[in-house]
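Everything below concerns the one structure shown next.
Just so you know, ligand 1 is whichever comes first in the structure, and atom 1 is the first atom listed for that ligand. The first residue in the sequence is number 1, and the count goes up from there.
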Amino acid sequence: MVGKARSSNFTLSEKLDLLKLVKPYVKILEEHTNKHSVIVEKNRCWDIIAVNYNAIGVDRPPRTAQGLRTLYKRLKEYAKQELLQQKETQSDFKSNISEPTKKVMEMIPQISSFCLVRDRNHIQSANLDEEAQAGTSSLQCLCGFLCRQFYHLHIVHSAPKEITVSKGQEEKPDSLVKYFSVVWCKVSKKKHKKWEGDAVLIVKGKSFTLKDLEGKDIGRGTVYKLKELEKIEEGQTMMIGGKEIEVMGIISPDDFNSGRCFQFGGGCSAVLSSSQAAKKCLSNPFKSVCKLSSKENKQNSFQNCKPRHDPYAPNSLVMLRPDKNHQWLFNKNCFPVVDVVIDPHLVYYLRPHQKEGIIFLYECVMGMRVNGRCGAILADEMGLGKTLQCISLIWTLQCQGPYGGRPVVKKTLIVTPGSLVNNWRKEFQKWLGIERIKIFTVDQDHKIEEFTKSPFYSVLIISYEMLLRSLDQIKSVKFDLLICDEGHRLKNSTIKTTTALISLSCEKRIILTGTPVQNDLQEFFTLIDFVNPGILGSLSAYRKIYEEPIIISRQPSASEEERELGEQRAAELTCLTGLFILRRTQEVINQYLPPKIENVVFCRPGALQIALYRKLLNSQAVRFCLQGLLENTSHLICIGALKKLCNHPCLLFGSVKEKESNSTWDESEERNLYEGLINVFPADYNPTMFTEEESGKLQVLSKLLAVIRELRPAEKVVLVSNYTRTLDILQEVCKRHGYAYTRLDGQTPISQRQKIVDGFNSKYSPDFIFLLSSKAGGVGLNLIGGSHLILYDIDWNPATDIQAMSRVWRDGQKHPVHIYRLLTTGTIEEKIYQRQISKQGLSGAVVDLSKTSDHIQFSVEELKNLFTLHESSHCVTHDLLDCECTGENHTGDSLEKLPVSRNCQLGPHQQKCDSLKPLSMSQLKQWKHFPGDHLNLTDPFLERIRENVSFFFQNITNQTTAI
Ligand SMILES: Nc1ncnc2c1ncn2[C@@H]1O[C@H](COP(=O)(O)OP(=O)(O)OP(=O)(O)O)[C@@H](O)[C@H]1O
Ligand SMILES: [Mg+2]
């Protein structure tokens with residue numbers, strides 16, 4: 001406590017005077033003690049207490065109703081404790097006064113002469129909205145009121161002394177931009193105004209805009225003369241757009257540009273520096289930081305408690321110790337602080353990035369990174385072991401805790417796609433065995449009731465679908481930790497799964513995703529708001545303050561000013577959310593992985609394919625599309641037909657026959673497309689008797705499988721397609737050649753999926769081929785039993801392909817990995833590939849799994865290009881590369897020449913690599929490339945399939961001598 005005052009009523013203008021008086025006091029407090037102050041009522045007297053917001057678990061002055069509510073609660077508790085302590089230490093209080101506090105105390109006489117209000121009506125008139133109206137105590141209201149006012153003062157204090165003008169515009173008063181924090185109300189003649197809200201006033205030249213704290217415009221105009229606008233100062237009242245405003249302070253351009261002056265936004269003060277973290281990790285783990293009261297002495301049994309594992313053992317992984325603020329908030333019983341140490345059994349296996357990841361997750365869910373927030377997003381790229389990091393966290397929190405060693409978590413809920421439920425179980429067993437932790441997986445044979453009724457299990461693993469069906473039962477259990485695997489699916493706030501998960505009361509929430517999270521700013525908001533509800537304010541405020549300026553700044557027509565504002569807002573958003581989002585790229589595990597040889601193989605189309613292709617391009621449907629005459633989706637039907645044809649003509653034959661037998665055929669759009677097509681097929685064409693020669697890709701595939709079998713008899717192949725019907729054809733090819741195979745697609749029962757995967761990965765499995773539908777099994781699966789992966793067809797969305805390719809090149813893979821992407825030369829497949837790697841395809845920045853061709857808009861020009869067959873080119877993609885080589889074994893440009901520029905996850909300011917972004921044209925140019933008939937093909941696999949190949953691109957990662 002640093003001062004006293006007497007309470008009685010005071011008027012609005014007195015309040016303002018009070019603020020003026022308090023201002024220097026606050027200033028000194030801030031300068032010397034790095035604290036804010038509050039005034040607490042006791043027996044009609046006011047105790048003035050310097051409060052470090054961090055000490056009460058609030059990282060900045062609150063601006064939302066929820067924030068205020070939390071603050072009131074914490075202040076009350078804090079004040080009680082503080083007053084109690086003051087009493088106890090009254091005698092040494094004066095002698096122990098520090099220099100800064102003395103300075104503060106010198107200010108007290110001025111403040112003491114002032115009177116404060118305890119009348120609720122006056123508080124209301126100070127615009128304490130719901131809180132006062134809800135009838136909360138005057139003490140709480142007053143604290144809230146003062147905090148609000150101090151916030152304004154804080155802004156004033158942090159603003160530069162001179163009013164800042166925008167860069168390079170000092171000479172032109174017309175373009176001066178100034179920002180003010182104001183309060184506003186409707187114009188009235190009443191003496192005691194009822195301020196209706198806080199707002200931000202932006203004055204630019206002669207015009208002004210008034211924005212509420214959600215960023216919405218609530219007034220604009222050009223009423224004032226320039227001179228008057230230039231003279232605006234604190235305390236001044238003005239009429240603006242039918243509103244009366246009173247200026248509370250100046251906002252610095254920084255605070256405005258970053259969005260901090262609005263309802264939310266804020267610095268990164270809550271981040272603990274790593275050195276701080278290291279220091280704390282090394283401090284004495286047995287020392288109790290709280291004095292135990294007599295009551296608390298009952299807890300003496302905890303005083304002897306030790307960390308579960310030796311924090312000083314070599315290589316031990318010790319979590320950050322909670323600081324005093326954390327202890328004040330979460331260690332009410334003053335248990336001794338005990339080091340939390342990761343089980344050395346796990347540490348032994350952990351990669352360095354996984355250790356970091358566990359520390360990150362721990363700090364997030366413990367509320368150490370962002371005060372009072374316990375959510376995290378772990379967005380590591382595919383295969384980095386997100387599962388192991390979570391298992392380590394669960395195991396740690398379930399057995400340990402920083403306060404008296406008491407476990408932090410009793411029950412954990414893991415929600416995951418159906419195909420991964422058993423993968424999670426397996427990973428638990430792999431890293432912890434079956435004894436340490438009792439997990440329960442829900443499937444057809446294991447009903448959720450078994451879990452809810454039994455105290456035996458501590459972890460529940462359930463699919464998203466099953467979660468929806470058993471939501472009520474799940475709600476009946478108190479979960480302390482919620483993990484959503486492949487959680488990018490929660491980005492849509494309206495889908496049932498998201499609303500169901502939001503309805504769970506669990507505070508510690510983790511989203512795992514291999515897909516970058518800031519693709520669409522609205523979806524980004526949903527993910528953030530799920531893990532840390534309310535941290536970005538309301539959706540409408542977020543849109544105004546972040547989304548709109550960021551989107552505007554990225555448009556080519558954006559002015560310099562708009563671009564700068566957008567960039568600053570993006571930076572602020574990154575800074576705010578970066579506290580609890582972690583993403584590492586594949587590079588961090590490359591050193592543990594075998595070489596990866598990626599090939600793009602351009603296969604010549606078969607004669608029947610070419611004839612059919614020409615016929616389709618000449619169809620009325622395609623012609624209408626190019627003239628823009630057909631319905632919106634018609635081009636999709638044409639594209640679909642061409643893609644089928646590239647996979648195999650028999651697929652097209654099947655579709656035509658199916659449509660013909662359909663009663664609506666006569667009016668259908670397909671009629672325009674398929675008319676006369678059947679005549680191009682041989683008269684006796686039988687789709688079930690298809691041949692490999694009819695499809696260029698199938699011919700190459702067949703040879704490729706044969707050569708793998710011959711040269712690497714112990715190795716296995718994962719064969720991926722987006723289409724079930726194509727998988728049927730590939731399955732038939734397996735049968736014809738006598739290759740043992742297994743298959744996973746959308747039809748495979750969830751309970752079977754892990755068994756199929758395990759079977760294939762087992763070295764005893766006879767299966768040579770794993771037929772995989774990328775849509776059904778693209779994400780999360782580990783198919784390290786296979787070391788060759790063939791992508792039979794291409795998806796519009798590069799993320800789908802990249803996800804599929806990551807199934808085999810991951811931790812645990814023993815063999816060099818060979819990836820083959822098959823494309824039909826000169827056809828739509830090449831165009832899709834080009835779109836994947838060209839700038840145009842990436843205009844939406846980072847790729848996103850959920851985007852399909854339905855989302856893509858094509859111009860007529862683009863459609864013309866799509867609907868062209870290049871019959872004479874070896875490789876249209878190479879033709880477009882502007883490559884000087886004549887196609888003769890070009891070994892690629894030197895890597896030093898062209899920086900590998902990849903898109904980053906969180907906007908342009910964070911230049912991180914991101915291998916989820918597909919490679920670019922310039923990167924492809926650096927790959928080795930050569931025509932199929934090149935004389936010296938050193939790769940034995942390519943050498944054997946070259947006959948039907950017009951061109952190759954090849955890239956080797958982690959090259960060693962033997963591949
Ligand atoms: N430290 C490690 N040592 C050896 N193997 C590991 C290690 N960490 C993880 N793995 C293995 O690596 C494989 C990939 O891990 P995991 O499935 O957790 O990846 P992920 O990050 O979830 O990827 P995705 O985004 O594709 O789901 C698993 O088989 C896992 O057991
Ligand atoms: Mg995973």
Side-chain angles (χ1 to χ4, degrees), residues 315 317 342-358 360-361 376-395 414-433 461 463-464 483-489 510-517 582-594 718 720 753-754 757-758 760-762 772 774 776-787 789 799-814 817 847-849 905 914-916:
N315 300 324
L317 182 58
I342 306 293
D343 192 333
H345 163 82
L346 287 172
V347 177
Y348 176 79
Y349 297 102
L350 293 172
R351 310 279 190 217
H353 75 276
Q354 294 174 328
K355 291 181 186 170
E356 267 174 36
I358 294 166
F360 161 82
L361 289 174
I377 297 181
L378 182 59
D380 282 346
E381 270 188 13
M382 297 148 295
L384 263 60
K386 294 185 279 293
T387 323
L388 173 57
Q389 294 174 62
C390 287
I391 289 174
S392 307
L393 179 79
I394 297 169
W395 176 233
I414 299 171
V415 195
T416 177
S419 52
L420 298 178
V421 168
N422 281 310
N423 181 59
W424 270 90
R425 168 191 281 284
K426 242 188 103 226
E427 289 275 316
F428 266 104
Q429 287 174 0
K430 178 171 172 181
W431 302 111
L432 291 172
I461 305 171
S463 68
Y464 284 99
I483 296 178
C484 301
D485 192 14
E486 304 297 345
H488 43 264
R489 62 170 65 199
I510 298 176
I511 279 183
L512 303 181
T513 175
T515 308
V517 281
L582 182 65
R583 179 170 181 82
R584 277 79 57 87
T585 55
Q586 192 114 40
E587 279 82 359
V588 297
I589 51 161
N590 279 5
Q591 56 175 307
Y592 307 107
L593 298 179
V718 178
V720 189
R753 293 186 182 190
Q754 191 59 36
V757 171
D758 290 347
F760 179 73
N761 287 339
S762 156
L772 176 69
S774 53
V779 293
L781 284 188
N782 287 307
L783 292 171
I784 48 172
S787 53
L789 183 133
T800 314
D801 292 347
I802 296 168
Q803 273 280 356
M805 287 193 274
S806 303
R807 300 305 108 205
V808 293
W809 198 54
R810 47 172 52 211
D811 227 323
Q813 178 59 260
K814 301 275 183 294
V817 165
V847 289
D848 173 357
L849 267 180
Q905 180 206 3
D914 196 330
S915 52
L916 242 200

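- Near Glu486, the atoms of ligand 1 lying under 4.0 angstrom from a non-hydrogen atom of the residue are 27 (O).
- The closest approach between a heavy atom of Trp431 and any atom of ligand 1 is below 4.0 Å.
- Within the structure, ligand 1 lacks Gln803 among the residues with a heavy atom less than 4.0 angstrom away.
- Given atom 25 (O) of ligand 1, the protein heavy atom at minimum distance is Lys386 NZ, 2.8 Å.
- Qualifying salt bridge (Lys or Arg N to Asp or Glu O under 4.0 Å) partners for Glu356, counting only residues two or more places apart in sequence or in other chains: Arg584.
- Within the listing of ligand 1, atoms 23 (O), 24 (P), 25 (O), 26 (O) sit less than 4.0 angstrom from a heavy atom of Met382.
- Comparing Asn423, Thr387, Leu593, Leu783 against atom 16 (P) of ligand 1, the shortest heavy-atom distance belongs to Thr387.
- The nearest heavy-atom contact from the protein to atom 24 (P) of ligand 1 is Arg810 NH2, 3.5 Å.
- For atom 13 (C) of ligand 1, the closest heavy atom belonging to the protein is Asn782 OD1, 3.5 Å.
- For atom 30 (C) of ligand 1, the closest non-hydrogen atom on the protein side is Glu427 OE2, 3.4 Å.
- When side chains are defined from C-beta on, Gln803 does not count as touching Met805, because their heavy atoms never get closer than 4.5 Å.
- One option in Ser806, Ala379, Gly357, Gly385 has a heavy atom closer to atom 15 (O) of ligand 1 than any other, and that option is Gly385.
- Closest to atom 23 (O) of ligand 1, if we only count protein heavy atoms, is Gly383 N, 2.7 Å.
- Those atoms of ligand 1 that come under 4.0 Å of a heavy atom in Lys430, given as number and element, are 29 (O), 30 (C), 31 (O).
- Checking Arg583, Gln586, Gln389 one by one against Asp380, the side chain to side chain donor-acceptor pair (under 3.5 Å) holds for a single residue, Gln389.
- Here is the list of ligand 1 atoms found below 4.0 Å of a heavy atom in Arg807: 26 (O).
- The protein non-hydrogen atom at the shortest distance from atom 8 (N) of ligand 1 is Gln354 NE2, 2.9 Å.
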| side chain to side chain donor-acceptor pair (under 3.5 Å) evaluation trace for Arg753 with Asn422 | CA-CA 8 Å; Arg753 293 186 182 190; Asn422 281 310; over 6 Å; no
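- In this model, a donor atom of one side chain and an acceptor atom of the other lie less than 3.5 Å apart for Glu427 and Trp431.
- In terms of protein heavy-atom proximity, atom 7 (C) of ligand 1 is nearest to Asp811 OD2, 3.5 Å.
- Every heavy atom of Gln389 sits 4.0 Å or more from the atoms of ligand 1.
- Near Leu388, meaning under 4.0 Å from any of its heavy atoms, are these atoms of ligand 1: 1 (N), 7 (C), 8 (N).
- The OG1 atom of Thr513 sits 8.5 Å away from atom CD1 of Ile377, with the distance rounded to the nearest 0.5 Å.
- Partners of Phe760 by ring-ring contact (aromatic ring centres under 6.0 Å, His included), not counting sequence neighbours, listed by chain and number: Phe770.
- At least one donor-acceptor pair closer than 3.5 Å links the side chain of Gln354 to the backbone N or O of Leu384.
- A donor-acceptor pair under 3.5 Å is absent between the side-chain atoms of Asp811 and the main chain of Tyr592, judged by distance alone.
- In terms of protein heavy atoms, atom 1 (N) of ligand 1 is closest to Tyr349 O, 2.8 Å.
- No donor-acceptor pair under 3.5 Å is formed between the side chain of Arg807 and the backbone N or O of Leu783.
- At least one N or O atom of Leu384, backbone or side chain, sits closer than 3.5 Å to an N or O atom of ligand 1.
- Each of Asn423, Ile414, Leu388, Thr387 was scored for a side-chain contact (heavy atoms from CB on, under 4.5 Å) with Phe428, with one residue passing: Ile414.
- Ligand 1 lies out of reach of Asp380, whose nearest heavy atom is not under 4.0 Å from it.
- Taking the six-membered ring for Trp and thresholds of 30 and 60 degrees, His345 and Tyr349 have ring planes more than 60 degrees apart, a perpendicular arrangement.
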